[in-house]
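See structure below.
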Amino acid sequence: MGAAVLTVTATLLLALPDRAPVGELPALARSHGIGLGVAVAVDPLARDGGYQDVVTSNYTSVTAENTMKWEYVQPERDEFDWSGPDAVVDFARRHGLGVRGHTLLWHNQQPPWLSEGTWTGTELREVMREHTDALLGRYRGRITTWDVINEPLVDDGPRLRDNLWHRVLGEDYIAEALRMAHEADPGARLYINEFGIEGAGPKADALHTLVTDLLDRGVPLHGIGFQGHFVHGSVPEDLTEQMRRYSDLGLDVTVSELDVRIPEPAGQEQLEEQAREYRRVVQACLDVPRCVNVTVWGVSDQHSWIPEWFPGYTAALPFDGSYRPKPALAGMAQALERRRTGTRPGRTTPRTPPGHRTRLKNSKGPGIREPRPASAERPATPPP
Ligand code: XIL
């Protein structure tokens with residue numbers, strides 16, 4: 001009986017609004033000083049009005065889903081193609097959206113000349129520097145946040161991934177890449193972006209150890225991206241705690257590639273449960289003092305990478321294939337709405353953990369005293 005009452009109460013508390021909050025999220029997100037982003041593809045961004053409307057009405061920043069990756073930016077050695085990245089950055093500027101830069105060093109989506117080349121350390125460093133200078137240099141002042149290192153750890157374990165950079169340069173490739181990026185754009189916020197670190201475990205701990213070491217050595221690292229590719233029913237309970245560990249080190253954190261994939265078929269019940277999962281993720285960001293942005297990985301279920309990469313899963317995003325808002329959109333709005341009048345925890349308190357002075361020298365200060373615009377939230381400004 002008692003349990004039944006509890007269940008009913010919990011269900012009521014968790015009930016989602018019927019009204020779809022299309023157009024309401026940007027102001028809500030800004031009221032908390034966080035950005036709400038979406039991964040975009042170049043073609044529909046140029047041509048598809050429905051796609052453009054979803055982006056401009058519901059989000060405050062964009063991430064290029066593919067076009068800033070190495071295989072597109074430098075398909076042949078010393079041949080750069082800026083058409084896609086320029087299109088994304090120009091779209092963002094026209095619509096007052098921020099841009100998260102994604103990504104510099106990754107083991108996937110490398111052009112064959114790079115991945116199949118035989119490199120000495122000196123040559124590979126030269127290649128890294130040219131690419132980094134070109135990409136960060138071109139968008140200096142317009143892209144203020146970069147995923148410099150993407151997925152450095154093996155898929156399901158606590159070891160560094162055996163990628164090209166690691167093989168040729170050794171484990172210090174991460175520090176080298178961050179230093180190069182900092183030289184290319186001293187004003188950019190530099191991130192390590194990873195998956196499988198959203199809940200406690202050996203991989204989460206390995207990243208934390210790696211990051212602590214980088215900070216202790218004064219390497220310019222400013223943020224951690226929690227990719228957040230979740231399976232419906234398994235969003236980790238301790239996401240907030242995992243993100244807070246980095247916030248406590250003086251780093252920004254971002255949920256950088258959020259989606260929640262549902263095993264087919266996805267019925268109404270699953271979509272409503274998924275909405276609670278989206279809400280929980282946005283709430284986690286609000287609960288972490290230095291969480292600056294939540295970005296969903298795609299504009300609609302029609303554009304999501306999930307059906308291709310995870311056959312048998314579907315419906316991972318807040319808009320369906322016809323650009324109709326799903327309960328997940330209401331879930332995100334509800335998290336932002338509910339906290340609007342409250343003080344964001346930790347925002348008024350300097351968070352300088354004792355003994356962490358060295359680490360905090362990488363942050364913008366000893367803590368965040370006032371709400372501030374998130375870095376990826378700053379509208380793109382015209383080139384100098
Ligand atoms: C994915 C894109 O969504 C796909 O279109 C592409 O085919 C493969 O890459 N982690 C990342 C992203 O950092 O860049 C990946 O994006 C998804 C996993």
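Heavy atoms only: backbone and side chains are in, while hydrogens, waters and symmetry mates are out. First listed ligand is number 1; within each ligand, the first listed atom is number 1. Nothing here was measured: the structure is a model prediction, and the numbers come from that model.
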Report, in ascending order of atom number, the atoms of ligand 1 lying under 4.0 Å from any heavy atom of Asn150.
-> 11 (C), 13 (O)
For atom 6 (C) of ligand 1, find the nearest protein heavy atom and state the residue, atom name and distance (0.1 Å precision).
-> Asn66 OD1, 3.4 Å
Checking heavy-atom distances from atom 7 (O) of ligand 1 to each of Trp106, Trp309, Trp305, Trp297, the winner is Trp309
Sidechain-backbone polar pair: Thr254 side chain, Ser256 backbone, donor-acceptor under 3.5 Å = no
Atoms of ligand 1, numbered as shown, that sit under 4.0 Å from any heavy atom of His229 = 17 (C), 18 (C)
Can His303 and Tyr51 be said to form a ring pair (Phe, Tyr, Trp, His ring centres under 6.0 Å), step by step?
-> CA-CA 10 Å; His303 302 91; Tyr51 187 98; 4.7 Å; yes
Decide, yes or no, whether a salt bridge links Asp172 with Arg217 under the criterion of side-chain N to carboxylate O below 4.0 Å.
-> yes
Salt bridge between Arg244 and Asp287, side-chain N to carboxylate O under 4.0 Å?
-> no
Atoms in ligand 1 flagged as close to Gln227, the criterion being non-hydrogen separation under 4.0 Å | 10 (N), 11 (C), 13 (O), 18 (C)
Between Glu65 and ligand 1, does any nitrogen or oxygen pair lie at a separation below 3.5 Å?
-> yes
Going by an N to O cut-off under 4.0 Å, is there a salt bridge joining Asp248 and Arg290?
-> no
Can you list the atoms of ligand 1 that are under 4.0 Å from a heavy atom of Glu151?
-> 10 (N), 11 (C), 13 (O), 18 (C)
Of all the non-hydrogen atoms in the protein, which one sits nearest to atom 11 (C) of ligand 1, and at what distance?
-> Glu257 OE1, 3.0 Å
Do the ring planes of Trp82 and Phe80 sit parallel (below 30°), tilted (30 to 60°) or perpendicular (above 60°)?
-> parallel
Looking only at protein heavy atoms, what sits closest to atom 8 (C) of ligand 1 is Gln109 OE1, 3.4 Å
Looking only at heavy atoms of Phe195, does any of them come nearer than 4.0 Å to an atom of ligand 1?
-> no
Please check if the side chain of Asn58 supplies one atom and the backbone of Val54 the other of a donor-acceptor pair under 3.5 Å.
-> yes
What protein heavy atom sits nearest atom 1 (C) of ligand 1, and how far away is it?
-> Lys69 NZ, 3.6 Å
Compute the minimum heavy-atom distance from His102 to ligand 1 and say whether it is under 4.0 Å.
-> yes
Decide if atom CZ of Arg167 counts as having more than 12 heavy atoms of other residues, nucleotides or ligands within a radius under 6.0 Å.
-> yes
